[in-house]
There are 2 protein chains.
Amino acid sequence: MENRAIPLHRRIRAAIEDKILSGGWPPGTRIPAETELAATYNCARMTVNKALTELAADGLIERRRKSGSVVKRPVLQSAVLEIHDIKAEVEAAGFAYRYRVERQKVREATRADCDRLQLDAPVPVLALTCLHLADNRPFCWEDRVISLSAVPQAQDASFDHQSPGAWLIDEVPWSAAEHRISAVAADASLSALELTPSTPCLAIERRTWNADKPVTHVRLIYPGDAHALVARFAPSKAG
Amino acid sequence: MENRAIPLHRRIRAAIEDKILSGGWPPGTRIPAETELAATYNCARMTVNKALTELAADGLIERRRKSGSVVKRPVLQSAVLEIHDIKAEVEAAGFAYRYRVERQKVREATRADCDRLQLDAPVPVLALTCLHLADNRPFCWEDRVISLSAVPQAQDASFDHQSPGAWLIDEVPWSAAEHRISAVAADASLSALELTPSTPCLAIERRTWNADKPVTHVRLIYPGDAHALVARFAPSKAG
DNA sequence: ATGTTTGTTATGTATAGACATAATGAACAG
DNA sequence: CTGTTCATTATGTCTATACATAACAAACAT
């Protein structure tokens, strides 16, 4: 009477993962060969292969021809970071979300804009600053440049009903992104956040590309005491 | 004359990924059925299946029986965060790494320790504070508690030649972790970092479990101007 | 109109077999 | 002793096939 609900390759995967996570198979342990595991679970080698392929993709094992698969040393440095959409984040906390576009200006890219977008030559850009509020209290300050060469339709877009970030996700289909997280002190440029000067803040910079073209660069500033980023690394959840 | 070096299922995957990332197939687009793709690439359905399974695991497509696979809306919030090992991080930047254990004490868990380890009942813990240096200049302050119930051998461990973090990775085979990143102001407890008071700092807290037992909680404090975390999200790299 | 049954379709899982490829180690030749 | 060759082995990829399952849609009954 086996559990028919869970597919076999997942059960095999879970069994091996359990051995590794419980310490039964410490790093360096040589995992039984695919054919041996297939015999153990009374199934085809391909089924075991699928399980091992997933474990390798998650970084729990390392596979080598001939010598077989071995348990890898843990690499704690890789974690899935969840950077939520600001609106969703505020509403998840049970607050009313609002935002206000403070400045919206089309200009030829300055030197600083080129650095932010990692552009060599100046192109027209849309520069935006924006204040996000939770229950009418300042929550996050946004400073953004959008390349009008990559997203020309941004020039005539209205951000009355949709924040620039949400608009871009709808407008630019899929993209690669790079995040940079650092700590900064509140200064005059962040007066909209109504903080005591030199309050520590979390600065999240996000650079986005689409088909290798720079799309946008945002700088989000959160008051440090009011916000934290949470990242989880749990091998069993991945895949 | 096909490229024989790259397996077919990867080429199929790359081709579809390219369509999605370039905007050719915007979110919501219905992807050709597995059998159609198999006909296109003149291969078995299983090969296409493998490619689509990987794309689904990376979150680029969503698969539904009967209706077929569709391109998902991008989810920028998920990114792989690289939290490097401090020694590797310092040495990668070309500095000489050193560390100094400032305090090392075994005690019954205090109320605060229980909160940090998410324990209900107090157990013996090892409390450590540690200063990490790059070229003999303070680089990072570490404040750690280790549950001696989960890792009894920590009681007699020497951290002369290996930092507590590195020792734990060797000692505790595999684990799940949770990271919390926030901004704090430097205060008296961080005097070892030799910072001007109220300098913004990046605080990284990491909680680690092994087989559902709390193992350790670290608080790492980096001077904010000297450090940043970088996370990347590029679908083509994953898997 | 509303609910149920039934068929169709596309994906999900699994098998068995085939050949490719990389790594290891043993036998061999210099 | 050293370098080469070659057989062995375990994984990597791919095929062809089979049946399961979820979802939708059309036909049917109430």
Spacing between [X] atom [atom1] and [N] atom [atom2], to the nearest angstrom:
X: A:Tyr41; N: C:dT15; atom1: OH; atom2: P; value: 14 Å
X: B:Ile12; N: D:dC14; atom1: CD1; atom2: P; value: 8 Å
X: A:His9; N: C:dT15; atom1: NE2; atom2: C1'; value: 15 Å
X: B:Glu36; N: C:dT11; atom1: CD; atom2: P; value: 8 Å
X: A:Lys50; N: D:dC14; atom1: NZ; atom2: P; value: 15 Å
X: A:Arg13; N: C:dG12; atom1: CZ; atom2: P; value: 16 Å
X: B:Arg45; N: C:dA14; atom1: CZ; atom2: P; value: 14 Å
X: A:Ile31; N: D:dA10; atom1: CD1; atom2: P; value: 15 Å

- Message: When you measure only distances, ignoring hydrogens and angles, does the side chain of A:Arg64 come within 3.5 Å of the base of D:dG12 through a donor and an acceptor?
- Response: no

- Message: Tell me if the side-chain of B:Arg63 makes a donor-acceptor pair with the base of C:dT11, cut-off 3.5 Å, by modelled atom types.
- Response: no

Among the nucleotides [options], which one has an atom lying closest to any side-chain atom of [X]?
X: B:Ala33; options: D:dT11, C:dA10, C:dA16; value: C:dA10
X: B:Asn49; options: C:dG12, D:dT9, D:dC14; value: C:dG12
X: B:Arg65; options: D:dT13, D:dT21, D:dT11; value: D:dT21
X: A:Glu34; options: D:dC14, D:dG12, C:dT13; value: D:dG12
X: B:Leu8; options: C:dT13, D:dC14, C:dA16; value: D:dC14
X: A:Met46; options: C:dG12, C:dA16, C:dA10; value: C:dA16

- Task: Show your reasoning for whether side chain to side chain donor-acceptor pair (under 3.5 Å) applies to B:Glu205 and B:His179.
- Result: CA-CA 6 Å; B:Glu205 288 173 80; B:His179 295 93; over 6 Å; no

- Roughly how far, to the nearest 0.5 Å, is the CG atom of A:Leu229 from the CD1 atom of B:Ile204? 10.5 Å

- Query: So do B:Leu168 and B:Ile146 actually touch side chain to side chain, heavy atoms under 4.5 Å?
  - Reply: yes

- Message: Is A:Thr47 close enough to C:dT15 that one of its side-chain N or O atoms is under 4.0 Å from OP1 or OP2 there?
- Response: yes

